[in-house]
Undergrad: 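What follows is a single structure, and I will ask about it in a moment.
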Amino acid sequence: MIILISILLLFHSSSAATMTLSISQQFKEAPQFYNSPKCPKIAPTRTLTSTNDPSVHVAMTLDSAYIRGSMAAILSVLQHSTCPENIIFHFVTSTSSNTALLRATITNSFPYLNFRVYSFNDSHVSGLISTSIRAALDCPLNYARSYLANILPVHVSKVVYLDSDLVLVDDIAKLAATPLGDSILAAPEYCNANFTFYFTPTFWSNPSLSSTFKGRKPCYFNTGVMVMDLDRWRAGGYTKKIEEWMELQKRMRIYELGSLPPFLLVFAGKIAPVNHRWNQHGLGGDNFRGLCRDLHPGPVSLLHWSGKSKPWVRLDAERPCPLDALWAPYDLLKPLFSFDS
């Protein structure tokens with residue numbers, strides 16, 4: 001009996017190790033996509049400057065919890081691009097994650113992909129994060145978007161930041177070409193939302209704080225889809241400006257919702273507008289119940305499952321929302337009983 005138990009424990013241990021090592025094999029290989037003949041040629045990275053780079057730079061965070069969503073997002077970007085070979089992905093991972101495994105997962109499914117992986121040290125923000133209304137919002141990696149100007153190479157002057165719970169159904173080059181004017185970033189604004197909701201009564205009752213928005217017409221914008229001028233960000237020291245608000249939040253609670261409010265405090269009323277078609281957001285429902293939602297009126301270029309529920313979770317539970325069917329074609333996860341090598 002003791003020998004049998006030992007064998008079973010050894011088998012279980014071996015199986016667990018194999019499962020860990022095979023995570024990168026759980027996804028199918030995506031088809032390769034090629035440039036249109038009219039696409040500009042990309043020069044070697046060593047010769048690129050911020051003025052001669054025809055690439056579309058896309059930044060995303062990468063972790064094991066959202067890797068399935070990330071894979072779908074990458075596939076959707078490539079599938080709808082006129083110049084997919086000109087897209088360079090910049091993946092930011094946490095230093096506490098298994099970066100080698102995440103890199104292998106991307107490489108196995110997208111062996112032709114032009115991408116870089118960068119480590120984000122959780123300690124940069126771990127001492128600045130305050131608890132919010134949903135634990136998932138408190139992950140340090142959620143704050144990496146505030147550090148992209150420091151993380152990415154200096155020749156990357158402009159980047160499209162994307163969350164992992166979305167898919168594109170249009171050419172990302174159109175979004176990347178958004179005119180920024182004098183702004184640091186561009187995003188779809190939602191001025192019908194109740195802006196006061198994003199800050200506490202403590203904030204609004206303090207004249208020195210509420211005057212932050214004096215002379216501005218602040219509107220809510222979702223930070224899951226942004227076009228960012230990294231050169232201007234670096235020159236203006238905007239990472240430090242965001243950190244200062246987070247430091248204040250630790251002393252006196254002025255907001256409840258994770259990494260979004262610091263962005264609103266710094267940028268609301270100062271961003272370049274983007275058509276709402278580029279962020280049909282909220283498809284994951286609200287942060288409490290995650291109920292099914294419909295699309296907003298108007299055309300659609302990007303579907304975003306922001307909110308509590310994610311499409312892959314609902315599909316696996318066989319309780320999908322109707323719009324989750326639009327995400328499913330981009331899911332690269334292999335069937336549970338797949339005989340693929």
Undergrad: Would you call Asp331 and Lys28 a salt bridge, taking side-chain N to carboxylate O under 4.0 Å as the test?
TA: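 Lys28 and Asp331: not salt-bridged.
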Undergrad: I need the minimum non-hydrogen distance between His304 and Asn222, along with the two atoms involved.
TA: CE1-OD1, 3.3 Å
Undergrad: Is there a donor-acceptor contact under 3.5 Å linking the side chains of Thr223 and Arg145?
TA: yes
Undergrad: In terms of side-chain heavy atoms, does Thr239 have a donor or acceptor partner in Trp233 at a distance below 3.5 Å?
TA: yes
Undergrad: Where the side chain of Ser109 meets the backbone of Ile106, is there a donor-acceptor pair that is under 3.5 Å apart?
TA: no
Undergrad: Do you know the tightest heavy-atom contact between Pro322 and Cys292?
TA: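 Between these two residues, the closest heavy atoms are CD-SG, 4.2 Å.
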Undergrad: Taking side chain as C-beta onward, heavy atoms only, is Ile42 less than 4.5 Å from Pro54?
TA: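 Answer yes - side chains close enough.
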Undergrad: If only side-chain N and O atoms count, and only distance matters, is there a donor-acceptor pair under 3.5 Å linking Tyr147 with Glu243?
TA: yes
Undergrad: Rounded to the nearest 0.5 Å, how far does OG of Ser301 lie from CH2 of Trp278?
TA: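 Interatomic distance, Trp278 CH2 to Ser301 OG, rounded to 0.5 Å: 4.5 Å.
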Undergrad: Using the test side chain to side chain contact (heavy atoms under 4.5 Å, CB included), find all partners of Ser119 that sit at least two apart in sequence or belong to another chain.
TA: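 For Ser119, the residues satisfying side chain to side chain contact (heavy atoms under 4.5 Å, CB included) (neighbours in sequence not counted) are Thr93, Thr95, Thr99.
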Undergrad: Might you work through the side chain to side chain contact (heavy atoms under 4.5 Å, CB included) test for Lys158 and Asp231, ending with a clear yes or no?
TA: CA-CA 7 Å; Lys158 190 177 185 182; Asp231 285 343; over 6 Å; no
Undergrad: For the residue pair Asp63 / Ser97, report whether a side-chain donor-acceptor contact shorter than 3.5 Å exists.
TA: no
Undergrad: For the atom pair CD1 (Ile67) and OG (Ser164), what is the distance rounded to the nearest 0.5 Å?
TA: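 Nearest 0.5 Å value for the CD1-OG distance: 8.0 Å.
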Undergrad: Hey, quick one: are Leu291 and Val313 part of the same hydrophobic cluster, counting side-chain heavy atoms closer than 4.5 Å, chains of contacts allowed?
TA: no
Undergrad: Could you check Val300 against Arg277 for side chain to side chain contact (heavy atoms under 4.5 Å, CB included), going step by step and ending with a plain yes or no?
TA: CA-CA 4 Å; Val300 180; Arg277 70 187 301 155; 5.7 Å; no
Undergrad: So does Ile254 get a backbone contact from the side chain of Gln249, meaning a donor-acceptor N/O pair under 3.5 Å?
TA: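 Pair found, side chain donor or acceptor close to backbone of Ile254.
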Undergrad: Sequence neighbours left out, what passes salt bridge (Lys or Arg N to Asp or Glu O under 4.0 Å) with Asp316? Give chain and number order.
TA: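 Asp316 satisfies salt bridge (Lys or Arg N to Asp or Glu O under 4.0 Å) with Arg68 only.
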Undergrad: Looking at residues at least two apart in the chain, or sitting in another chain, which of them share a ring pair (Phe, Tyr, Trp, His ring centres under 6.0 Å) with His276?
TA: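 For His276 the ring pair (Phe, Tyr, Trp, His ring centres under 6.0 Å) partners, ignoring immediate neighbours, are Tyr190.
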Undergrad: Of all the heavy-atom pairs spanning Pro111 and Glu29, show the shortest one and how long it is.
TA: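 Between these two residues, the closest heavy atoms are CG-OE2, 3.6 Å.
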Undergrad: With sequence neighbours left out, write down each residue that passes side chain to side chain contact (heavy atoms under 4.5 Å, CB included) with Asn114, or none if nothing qualifies.
TA: Ile88, Arg116
Undergrad: What pairs with Phe91 under ring pair (Phe, Tyr, Trp, His ring centres under 6.0 Å), at least two apart in sequence or on another chain?
TA: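 Expected list: Phe89, Phe115.
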Undergrad: Hydrophobic clustering (ILVMFWY, side-chain heavy atoms < 4.5 Å, transitive) - are Ile172 and Tyr112 grouped together?
TA: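 Shared cluster, yes.
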Undergrad: Quick one: CG on Leu295 to CG on Leu323, what's the gap to the nearest 0.5 Å?
TA: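 These two atoms lie 4.5 Å from each other.
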Undergrad: Shortest non-hydrogen contact from Leu141 to Val92?
TA: CD1-O, 3.8 Å
Undergrad: Phe221 versus Asn279: any side-chain heavy-atom pair under 4.5 Å?
TA: no
Undergrad: Taking only residues at least two apart or on different chains, which pairs with a member in residues 165-174 satisfy salt bridge (Lys or Arg N to Asp or Glu O under 4.0 Å)?
TA: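 Listed by first then second residue: Asp165-Lys310, Asp170-Lys174.
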Undergrad: As a quick check of understanding, evaluate ring-ring contact (aromatic ring centres under 6.0 Å, His included) for Tyr220 and Phe197, giving each step before the final call.
TA: CA-CA 10 Å; Tyr220 160 77; Phe197 169 77; 9.4 Å; no
Undergrad: What are the two closest non-hydrogen atoms of Leu166 and Gly224, and how far apart are they?
TA: CD2-O, 3.9 Å
Undergrad: Just checking Asp182: does its CG atom have more than 12 heavy atoms from other residues, nucleotides or ligands closer to it than 6.0 angstrom?
TA: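 Incorrect, the count does not exceed 12.
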Undergrad: Mind running side chain to side chain contact (heavy atoms under 4.5 Å, CB included) on Ile242 and Tyr143 for me, showing each step along the way?
TA: CA-CA 10 Å; Ile242 288 176; Tyr143 293 81; over 6 Å; no
Undergrad: My understanding is that only residues two or more places apart in sequence, or in another chain, count here; which of them pass salt bridge (Lys or Arg N to Asp or Glu O under 4.0 Å) with Arg232?
TA: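 Per chain and number, Arg232 pairs via salt bridge (Lys or Arg N to Asp or Glu O under 4.0 Å) with Asp229.
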Undergrad: Could you tell me if the side chain of Cys321 sits less than 4.5 Å from the side chain of Leu283, heavy atoms only?
TA: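 Counting from C-beta outward, Leu283 and Cys321 never come under 4.5 Å.
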Undergrad: Do His281 and Trp305 have side-chain heavy atoms sitting under 4.5 Å apart?
TA: no
Undergrad: Hey, mind stepping through Ser157 and Leu230 against side chain to side chain contact (heavy atoms under 4.5 Å, CB included) and telling me if it holds?
TA: CA-CA 5 Å; Ser157 61; Leu230 298 185; 5.7 Å; no
Undergrad: Is any side-chain heavy atom of Tyr118 closer than 4.5 Å to a side-chain heavy atom of His90?
TA: yes
Undergrad: Looking only at heavy atoms, what is the nearest atom pair of Pro273 and Glu189, with distance?
TA: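 Taking every non-hydrogen atom into account, CB-OE1, 4.2 Å.
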Undergrad: Please round to the nearest 0.5 Å and tell me the distance separating atom OG of Ser76 and atom CE of Met71.
TA: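 Ser76 OG to Met71 CE: 12.5 Å, rounded to 0.5 Å.
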Undergrad: Check whether Ser183 reaches the backbone of Lys270 with its side chain - one donor and one acceptor, N or O, closer than 3.5 Å.
TA: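 Here the side-chain-to-backbone pair exists.
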Undergrad: Could I get the full list of side chain to side chain contact (heavy atoms under 4.5 Å, CB included) partners for Ala186, not counting sequence neighbours?
TA: Thr178, Leu180, Val227, Ala272, Val274
Undergrad: How would you list, by chain and number, every residue that makes a salt bridge (Lys or Arg N to Asp or Glu O under 4.0 Å) with Arg319, sequence neighbours excluded?
TA: none
Undergrad: Mind checking the CZ-CD1 spacing from Arg234 to Ile184? Nearest 0.5 Å is all I need.
TA: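 Output value for this atom pair is 12.0 Å.
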Undergrad: Go through the structure and list residues passing side chain to side chain contact (heavy atoms under 4.5 Å, CB included) with Pro84, not counting sequence neighbours.
TA: Phe33, Asn35, Leu78, Ser81
Undergrad: Are a donor atom and an acceptor atom from the side chains of Asn142 and Ser259 found within less than 3.5 Å of each other?
TA: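 The answer is no; no qualifying pair exists.
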Undergrad: Is the shortest side-chain heavy-atom distance between Tyr198 and Tyr255 below 4.5 Å?
TA: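 The answer is no; the side chains never approach within 4.5 Å.
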Undergrad: Using modelled atom types and a 3.5 Å cut-off, is there a donor and acceptor pairing between side-chain atoms of Gln280 and backbone atoms of His296?
TA: yes
Undergrad: Taking the inter-plane angle between the rings of His80 and Tyr330 on a 0 to 90° scale, is it parallel (under 30°), tilted (30 to 60°) or perpendicular (over 60°)?
TA: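 It falls in the tilted class, 30° to 60°.
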Undergrad: Working to the nearest 0.5 Å, report the span between SG of Cys39 and CG of Asn86.
TA: 5.5 Å
Undergrad: Partners of Trp312 by side chain to side chain donor-acceptor pair (under 3.5 Å), sequence neighbours excluded?
TA: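 Listed in chain order: nothing, the list is empty.
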Undergrad: Quick one: are Gln79 and Leu168 in side-chain contact, heavy atoms under 4.5 Å?
TA: no
Undergrad: According to salt bridge (Lys or Arg N to Asp or Glu O under 4.0 Å), does anything in residues 195-218 pair up with another residue at least two apart or in another chain? List the pairs.
TA: none
Undergrad: Do the non-hydrogen side-chain atoms of Leu302 and Val169 ever get within less than 4.5 Å of each other?
TA: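 No. Closest side-chain heavy atoms not under 4.5 Å.
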